[in-house]
Amino acid sequence: MDSIDWAAVSQRLRVARLALGLTEQEAAAELRVTRRTYRKWESGGCRLLNHTARWTPFMRKHGLSYDWLIDGDGARVGKRLQRGKVAILNRR
């Protein structure tokens, strides 16, 4: 897990939220965290892996791939973002 690029994870999280048309407050509410905590996730100030139980329902609801969020593999981006307006899909 030490090889995770947390800055890239934060960027993908923001891209996903914007592609889904969610505000920070809406995403935070769905994830049952404060807006401040969510903002830390998007800014790279807090690692997401400590909160995976919160992410599972969110990812399922929005057809997102947790694997894409963590490692950036565009082949596993998730159904919702494949159909969306996402222009940034970083590949390693």
- request: Decide whether L20 and V33 are clustered together by the hydrophobic rule: side chain heavy atoms of Ile, Leu, Val, Met, Phe, Trp, Tyr closer than 4.5 Å, transitively.
  value: yes
- prompt: When the ring centroid of W55 is compared with that of W41, is the distance short of 6.0 Å?
  reply: yes
statement: Nearest heavy-atom approach of S10 to S43 is OG-C, 4.0 Å
query: Is R17 reaching over with its side chain to a backbone N or O of L22, donor-acceptor style, under 3.5 angstrom?
result: yes
message: Determine whether L64 and L69 satisfy the following criterion, side-chain contact (heavy atoms from CB on, under 4.5 Å), listing intermediate values before the conclusion.
response: CA-CA 8 Å; L64 300 174; L69 181 65; over 6 Å; no
- request: State plainly whether one hydrophobic cluster holds both L31 and W6, where clusters connect Ile, Leu, Val, Met, Phe, Trp and Tyr through side-chain heavy atoms under 4.5 angstrom apart.
  value: yes
- request: Hey, could you give me the CD/OH distance between E30 and Y38, rounded to the nearest 0.5 Å?
  value: 10.0 Å
Least distance between heavy atoms, A28 atom then T34 atom: CB-O, 3.7 Å
query: Rounded to the nearest 0.5 Å, how far apart are CD of Q25 and CZ of R35?
result: 6.5 Å
field: Any donor-acceptor N/O pair, E42 side chain to R39 backbone, under 3.5 Å
entry: no
- prompt: If every non-hydrogen atom of R12 is compared with every non-hydrogen atom of I70, which pair is closest and at what distance?
  reply: NH2-O, 3.0 Å
